[in-house]
Number of protein chains: 2
Amino acid sequence: MGKESGREDGLIRLITQISKAMHRRSTEETLGMKLKAFLLLSYLRDHPAVTQQELEGALMLDANGVVLLLNELEAARWSVRRRDPEDRRRHLVEMTPSGRQAMERAEKARENLERELVQDMSVDERATLYRLLKKVWEAVQQPA
Amino acid sequence: MGKESGREDGLIRLITQISKAMHRRSTEETLGMKLKAFLLLSYLRDHPAVTQQELEGALMLDANGVVLLLNELEAARWSVRRRDPEDRRRHLVEMTPSGRQAMERAEKARENLERELVQDMSVDERATLYRLLKKVWEAVQQPA
DNA sequence: TATTGTTATACTCTATAACTATA
DNA sequence: TATAGTTATAGAGTATAACAATA
């Protein structure tokens with residue numbers, strides 16, 4: 001058997017575990033909102049007026065999931081849907097001012113958590129981690 | 001705004017998305033079993049006789065989740081629970097020969113998928129990715 | 001006829017607490 | 001009395017298909 005050189009644990013197991021643990025620590029209490037809500041709002045920060053189909057792709061939700069999540073966000077007055085004048089089948093989703101406030105508060109909580117997670121890494125290592133994860137993200141999205 | 005130097009997208013978003021996409025692609029059809037079942041069996045491969053509490057920690061499940069998953073595995077004849085003679089409250093969980101077979105088949109499917117995901121990376125980059133993800137995994141497990 | 005979003009429905013996963021048996 | 005595992009239950013999350021409005 002010789003050198004038991006660190007069995008490859010598997011990306012899937014590692015990513016799955018990390019994702020679960022991150023979700024457990026991103027509670028509604030610390031974020032001020034559900035993680036899913038935060039992920040949608042922070043997407044709206046970078047993409048001011050998007051259709052629901054865009055959100056499906058960006059957040060890996062199905063059409064139904066987007067509707068349900070937006071219902072929650074609108075109930076909290078954090079986002080609004082308005083008809084697209086150019087195609088009245090479409091909605092354009094936007095963040096409200098109070099949505100932005102809530103998102104920025106949650107963003108601070110996210111930064112605090114992530115700072116903990118990478119505190120033992122150098123700046124270079126952090127950049128490398130992001131770069132490599134983005135590569136994985138590109139690859140995993142390919143149909144098959 | 002000058003240099004839009006790549007806003008830090010956030011580890012949480014990236015990991016969440018990758019995890020979702022990986023799960024979508026790790027179908028029962030390609031693995032021959034559910035991903036959760038595979039993760040448990042591959043843990044048993046490396047830890048031949050474990051208590052259910054060990055599985056809770058290792059797989060980030062609660063006691064109930066372990067019971068339910070083991071029920072499925074036993075129904076498929078892939079694992080067995082036997083009483084620990086030294087403490088009859090405990091179960092020792094073990095993989096059956098057919099469980100090993102099924103696991104090894106699923107392992108090949110996992111390797112195929114992961115090969116795709118890292119195909120654009122050098123050997124060094126792959127090792128670095130694993131190393132850094134393990135650091136994140138250590139850090140995210142800390143209580144708070 | 002095709003597309004966007006909605007509703008309705010069911011299925012899976014996860015979390016909680018009460019219960020059994022062993023210590 | 002405390003622990004390991006189980007059961008029961010409800011809650012959240014996810015997936016499917018039928019539907020309404022608009023193109």
Side-chain angles (χ1 to χ4, degrees), chain A residues 12 16-29 31 33-40 44 49-76 79-94, chain B residues 12 15-29 31 33-40 44 47 49-76 79-94:
Chain A
I12 290 180
T16 300
Q17 303 290 72
I18 292 171
S19 179
K20 274 194 190 182
M22 279 181 164
H23 277 75
R24 278 197 191 169
R25 295 188 57 174
S26 305
T27 60
E28 193 161 356
E29 194 188 2
L31 287 180
M33 65 180 67
K34 289 181 187 168
L35 179 57
K36 288 177 57 166
F38 170 65
L39 292 175
L40 194 151
L44 288 182
V50 298
T51 66
Q52 295 185 198
Q53 289 204 331
E54 251 179 278
L55 291 172
E56 288 177 38
L59 302 176
M60 302 261 306
L61 296 171
D62 57 14
N64 185 30
V66 172
V67 170
L68 264 30
L69 183 48
L70 288 178
N71 289 348
E72 289 180 36
L73 288 176
E74 290 199 0
S79 70
V80 289
R81 281 173 276 209
R82 57 183 183 81
R83 288 281 167 199
D84 182 347
E86 293 180 10
D87 182 343
R88 290 189 44 75
R89 290 173 304 183
R90 286 199 179 113
H91 281 150
L92 295 178
V93 181
E94 291 171 304
Chain B
I12 290 180
I15 294 279
T16 300
Q17 303 289 74
I18 291 170
S19 179
K20 274 194 191 184
M22 279 179 165
H23 277 74
R24 279 199 190 167
R25 295 187 57 174
S26 304
T27 61
E28 194 162 355
E29 194 188 2
L31 288 180
M33 64 181 67
K34 290 181 186 168
L35 179 57
K36 287 176 57 164
F38 169 66
L39 293 176
L40 194 151
L44 288 182
H47 305 84
V50 297
T51 65
Q52 295 184 200
Q53 291 202 331
E54 252 179 277
L55 292 172
E56 288 177 37
L59 302 175
M60 301 261 307
L61 295 170
D62 56 14
N64 185 31
V66 172
V67 169
L68 264 28
L69 183 48
L70 288 178
N71 288 348
E72 290 179 36
L73 288 176
E74 289 199 0
S79 70
V80 289
R81 279 173 278 209
R82 58 182 182 80
R83 288 282 167 197
D84 182 347
E86 293 180 10
D87 181 344
R88 290 189 44 75
R89 291 173 303 183
R90 286 200 178 112
H91 282 149
L92 296 177
V93 182
E94 291 171 305

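Order of the sequence lines sets the chain letters (A, B, ...), proteins ahead of strands, with each chain counted from 1. Treat the numbers as computed from the prediction; the structure is a model and nothing was measured.
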Return whichever of A:Arg24 or A:Leu70 has its heavy-atom-nearest nucleotide of DNA chain C closer to the 5' end. A:Leu70
Measure distances between side-chain N and O atoms of B:Asp87 and base N and O atoms of D:dT3, and say whether any donor-acceptor pair falls under 3.5 Å. no
Would you kindly give the CG-to-C1' distance between B:Leu68 and C:dA15, to the nearest whole Å? 12 Å
Just how far, in rounded Å, is P of D:dT14 from CD of B:Glu28? 19 Å
Taking the side chain of [X] as its heavy atoms from C-beta onward, which of [options] lies nearest to it?
X	options	value
A:Lys20	D:dT6, C:dT14, D:dT14	C:dT14
B:Asp62	C:dT16, D:dT6, C:dG5	C:dT16
B:Lys36	C:dG5, C:dC13, C:dT7	C:dC13
A:Arg89	C:dT4, C:dT6, C:dT22	C:dT4
B:Asn64	D:dA8, D:dT22, C:dG5	D:dA8

With a sphere of 6.0 Å drawn around CZ of B:Arg83, does it hold more than 12 non-hydrogen atoms of other residues, nucleotides or ligands? yes
Within a strict 4.5 Å, meaning less than it, do heavy atoms of the B:Leu70 and B:Leu73 side chains meet? yes
Would you check if A:Leu92 and A:Glu86 make a side-chain contact, meaning some heavy-atom pair closer than 4.5 Å? no
Without swapping roles, check the side chain of B:Glu54 against the backbone of B:Ala49 for a donor-acceptor pair under 3.5 Å. no
Using OP1 and OP2 only, check whether a side-chain N or O of A:Lys34 sits under 4.0 Å from D:dG13. yes
Indicate whether OP1 or OP2 belonging to D:dA4 is found under 4.0 Å from a side-chain N or O atom of B:Gln53. yes
